[in-house]
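Sequence lines set the chain letters: A, B, ... in the order given, protein chains first and strands last, and positions in each chain run from 1.
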Protein chains: 2
Amino acid sequence: MPETLHRFKADIFQALAHPTRIAIIELLSSGELSAGALIEKLGMEQANISQHLSVLRAQRIVANRKAGNQVFYSVRDPIILDVLALMRRYFQKQVGEAKEMLKEMENDLMEPSR
Amino acid sequence: MPETLHRFKADIFQALAHPTRIAIIELLSSGELSAGALIEKLGMEQANISQHLSVLRAQRIVANRKAGNQVFYSVRDPIILDVLALMRRYFQKQVGEAKEMLKEMENDLMEPSR
DNA sequence: CAAGAATATTCGATATTTCTAATATACAGA
DNA sequence: TCTGTATATTAGAAATATCGAATATTCTTG
């Protein structure tokens, strides 16, 4: 109800609203990784990944731990992973529905008289 | 893993990434409402709400049913409501943690010797 | 302290979002 | 068919997000 809560949710969603950042979180889902490891696994520009990590940090979605030369990132709260898992289920459901619609359309083409 | 899935999730999150759109979805959580009812409850510009509804429609998050003069909107899949509910839990947890941190800081101020 | 490695930040250019105001469309009833 | 009501779309301005290139910072090691 309160505007504050809506804004909070919206800000988290905004932080999640980029394919690269989702890829980052999923890579971190099985444990912490250094920024360098993320850059290597994703095959993208160093600055770019660093900027995306900065967005995730700003919303406190990831934690960062400095170890000597490197910085290790991890997902702060597993609830975020639950959200992503829900999204996967949602995706599967949507794809399933789309498939069924196509099947129906096919049937209509085969039996135009009914 | 696949880029497609990441983009799909990101697009949904993007559609959710606005306080007004979250408010709309929560208003629709207990059943369908006309566009006009949403505009009234939210107290915002007609065009603005219509545009936000358009974003939600584009991602197929809401369904719309025309009835005479009006258009009734509803949430297509309750999974989306589950996502919002998870977000609320997440928010509560974050606030709880922030509170604890403040309490610790207070204690440190009271007992500087320890 | 100098040099290299890992990471972060800054700077512009471009693209996307969001808003308000104005206009368009669709429908209902006289 | 004319009028009013409900909703959608368009247009343009301002704000925000994204990217690559360049630069800065921090740490380690010789």
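- Of the residues in residues 39-47 of chain B, those lying under 4.0 Å from DNA chain D by heavy-atom distance are B/Q46, B/A47.
- Protein atom CG of B/L53 is 10 Å distant from nucleotide atom C1' of D/dT7, rounded to whole Å.
- Taking NE2 from A/H6 and CG from B/L84, the interatomic distance works out to 8.5 Å, rounded to the nearest 0.5 Å.
- Of the residues in residues 31-38 of chain B, those placing a heavy atom less than 4.0 Å from an atom of DNA chain D are B/S34, B/A35, B/G36, in numerical order.
- A 4.0 Å heavy-atom criterion places the boundary nucleotides of DNA chain C facing chain B at C/dT18 to C/dA28, written 5' to 3'.
- Residue contacts shown for A/N69 include a base, since a base heavy atom lies under 4.0 Å away.
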Could you go through residues 7-18 of chain B and list every donor-acceptor pair under 3.5 Å that involves a side-chain atom there, pairing it with any protein atom two or more places apart or in another chain?
residue : atom : partner : partner atom : Å
B/R7    : NE   : B/E3    : OE2          : 3.4
B/R7    : NH2  : B/E3    : OE2          : 2.3
B/K9    : NZ   : A/E26   : OE2          : 2.5
B/H18   : ND1  : B/T20   : N            : 3.1

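- Of the residues in residues 8-18 of chain A, not one comes within less than 4.0 Å of DNA chain C through any heavy atom.
- Going from atom CD1 of A/I49 over to atom P of D/dT18 covers 13 Å, rounded to whole Å.
- With B/L56 as reference, B/V62 is the one residue of B/V75, B/V62, B/L28 to meet the side chain to side chain contact (heavy atoms under 4.5 Å, CB included) rule.
- Both A/L5 and B/I22 belong to a single network of hydrophobic side chains, linked directly or stepwise wherever heavy atoms of I, L, V, M, F, W or Y lie under 4.5 Å apart.
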Contacts table for residues 90-103 of chain B: side-chain donor-acceptor under 3.5 angstrom, sequence neighbours left out:
residue : atom : partner : partner atom : Å
B/K93   : NZ   : A/D77   : OD1          : 3.3
B/K93   : NZ   : A/D77   : OD2          : 3.4

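- Counting non-hydrogen atoms under 4.0 angstrom, A/Y73 reaches the backbone sugars and phosphates but no base.
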Anything under 3.5 Å between a protein N or O and an N or O of nucleotides 11-14 of chain D, put it in a table, one pair a line.
none

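- For the atom pair CD of B/Q59 and CD1 of B/I80, the computed distance is 10.0 Å after rounding to the nearest 0.5 Å.
- Grouping the Ile, Leu, Val, Met, Phe, Trp and Tyr side chains by contacts below 4.5 angstrom, directly or via other members, places A/L53 with A/I25.
- Residues meeting the side-chain hydrogen bond (donor to acceptor under 3.5 Å, both in side chains) test with A/R57, sequence neighbours left out: A/Y73.
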Report all side-chain donor-acceptor pairs from residues 33-48 of chain A shorter than 3.5 Å, counting only partners two or more places apart or in another chain.
residue : atom : partner : partner atom : Å
A/S34   : OG   : A/A37   : N            : 3.0
A/N48   : OD1  : A/H52   : NE2          : 3.1

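- A/L86 CG to A/I79 CD1: the interatomic distance, rounded to the nearest 0.5 Å, is 11.5 Å.
- A/N48 has its CG atom 15 Å from the P atom of D/dA17, to the nearest Å.
- When hydrophobic residues (I, L, V, M, F, W, Y) are linked wherever their side-chain heavy atoms come within less than 4.5 Å, A/F72 remains an isolated member.
- Under the rule for a side-chain hydrogen bond (donor to acceptor under 3.5 Å, both in side chains), the partners of A/R65 that lie at least two apart in sequence or sit in another chain are A/E32.
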